[in-house]
There are 2 protein chains.
Amino acid sequence: MTSTARIRRMTIQTRRERERAERERLIVNAARELAEAEGWDAVTTRRLAAEIEYSQPVLYSHFKGKGAIMAAVAVQGCADLAAELRAARTAARGTRESLAAVARTYTSFARRRPALYDAMFTHLVDLPFATPEAPPALWDAFDQLRLVVEPIAAEGDDTGLLTETFWAALHGLATLTRSGRLPEDGHERRLDLLVRHFTGE
Amino acid sequence: MTSTARIRRMTIQTRRERERAERERLIVNAARELAEAEGWDAVTTRRLAAEIEYSQPVLYSHFKGKGAIMAAVAVQGCADLAAELRAARTAARGTRESLAAVARTYTSFARRRPALYDAMFTHLVDLPFATPEAPPALWDAFDQLRLVVEPIAAEGDDTGLLTETFWAALHGLATLTRSGRLPEDGHERRLDLLVRHFTGE
DNA sequence: CTCTCGTATCTAGCGCTGCTAGCGAGGAGA
DNA sequence: TCTCCTCGCTAGCAGCGCTAGATACGAGAG
């Protein structure tokens, strides 16, 4: 094997890897767009394959199954959510106002992008969560919450646990409202009640 | 048509209606048991039909579809939950203790009977919720929450909204913990944090 | 007692789903 | 130039929710 041969093989390989990565991006994007447009029920492996103009089995050479594709979409969603939360946090001034702004942004995200939100926090289980192996984007999103919860922690409170509790409350409001279990009506006032109780009136 | 004929026909009809109601009970029970034992994915119309020893289409003469069967199971679940919450509430003494007891019971119910809980509060949409048409058992369960939340409402607070907010927080804790998004570990302490913040320290 | 009719139930099948085995083309390397 | 290996394809499996059409059975009339 000559050195030129080795080099050529490597460049060909890298091109192929690049194309492959590009196609993977295509799959995840198509899945996200289809889910956001028509819901996850509409995201079938056949439609997804048609969308990316490849045959069905190609999907399985990239992902273990539909669940893994949803997981990839969910990770993208975490990055989006983290970005929105960061923007809301840095734009707000004051402890209470920051908490309220982040809370509003969180539930607004869940309402505006329900398919994405469901992939992240309702469906899917095969994504590591409360461990170091969890995707960085997920930790980033959680940290945005932590940063606004931290100032309201009382002496001796575990900030992580308090953040988790606050997160759970937001998650509950988001999911129950979106599924029609809570009327859309009082949403703002419920958020206000939550923030008031967590900031200690 | 003689009067005896009319009477006979009525008794036959009532017997048939009784048998039909009995079979409906059988379906709902089988669905609940199968779901609790193996999860809702295992509850297929075929398995359900086999379980009750009738053919598939019989299910559709009782319910509009699988969703309607899940709804029926969910209503049963509401009654169970309401009973547990009532027991916890009446057994507890003191404002804070009642709230804590009901909160513990609620999340414990979700953990012990996940399939039932999901049918009630995660899956399903074709069950009326925040309206007068909602099943009485559902209102009953909600009222058990309301009764322990009422004492902690501040002047001018809408008790209903406050209850909804507290409920959402419990729901968030229950679902996130059960799906592995929150570690089982800090659950007790998260509950405590929630109760403390809602009772105003 | 017999015949007819309506109802209740079953068999069979439709159009999907996620997923996979196995074939064939086409490029890499000797 | 020949061989081999990788890649994507066609075709198909088992199972899903749901339904159309056939059938058996029991009630009521003559």
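- Regarding B:D41, its CG atom lies at a distance of 14 Å from the C1' atom of D:dG17, rounded to whole Å.
- A:R181 forms no cation-pi arrangement with B:F121, by the criterion of a distance under 6.0 Å to the ring centre and an angle within 45° of the ring axis.
- Across all strands, B:T44 comes closer than 4.0 Å only to sugar-phosphate atoms, never to a base (heavy-atom distances).
- Summarising the geometry, the separation between CD on B:E24 and C1' on C:dA8 is reported as 15 Å, rounded to the nearest angstrom.
- Here B:R112 pairs with B:E84, B:S108 under the side chain to side chain donor-acceptor pair (under 3.5 Å) rule; sequence neighbours left out.
- Following rounding to the nearest Å, B:I52 (CD1) and C:dT9 (P) show an atom-to-atom distance of 10 Å.
- Applying the salt bridge (charged side-chain N to carboxylate O under 4.0 Å, His left out) test to residues at least two apart or on different chains, the pairs with a partner in residues 116-139 of chain B are B:D118-B:R178.
- Using a 4.0 Å heavy-atom cutoff across all strands shown, B:R23 reaches sugar-phosphate atoms only and no base atom.
- Within the structure, salt bridge (charged side-chain N to carboxylate O under 4.0 Å, His left out) pairs that include any residue of residues 63-72 of chain A do not occur (at least two apart or interchain).
- The base of C:dG18 is paired with the side chain of A:R46 by a donor and an acceptor separated by under 3.5 Å.
- Using a 3.5 Å distance cut-off with no hydrogens or angles, the side chains of B:E33 and B:N29 do not pair a donor with an acceptor.
- Of all the residues in residues 63-74 of chain A, not one reaches under 4.0 Å from DNA chain D with any non-hydrogen atom.
- Mapping A:P57 and A:A42 onto DNA chain C by nearest heavy atom places A:A42 at the nucleotide closer to the 5' end.
- Under the salt bridge (Lys or Arg N to Asp or Glu O under 4.0 Å) criterion, A:R46 pairs with no residue, sequence neighbours left out.
- Note: CZ (B:R47) to C1' (D:dC18) measures 19 Å, nearest angstrom.
- With sequence neighbours excluded, the residues forming a ring-ring contact (aromatic ring centres under 6.0 Å, His included) with A:F166 are A:F198, listed by chain and number.
- Rounded to whole angstrom, the span from the NE2 atom of B:H62 across to the P atom of C:dA8 amounts to 10 Å.
- In the interface, the side chain of A:Q56 is paired with the base of C:dC19 through a donor and an acceptor atom under 3.5 Å apart.
- Going from atom CG of B:L59 over to atom P of D:dC16 covers 13 Å, rounded to whole Å.
- For the pair B:Y60 OH and D:dC18 P, the interatomic distance rounds to 4 Å; values are reported in whole Å.
- Note on B:T45: every side-chain N or O is 4.0 Å or more away from OP1 and OP2 of D:dC18.
- For A:L48 and C:dC16, the CG to P distance is 17 Å, given to the nearest whole Å.
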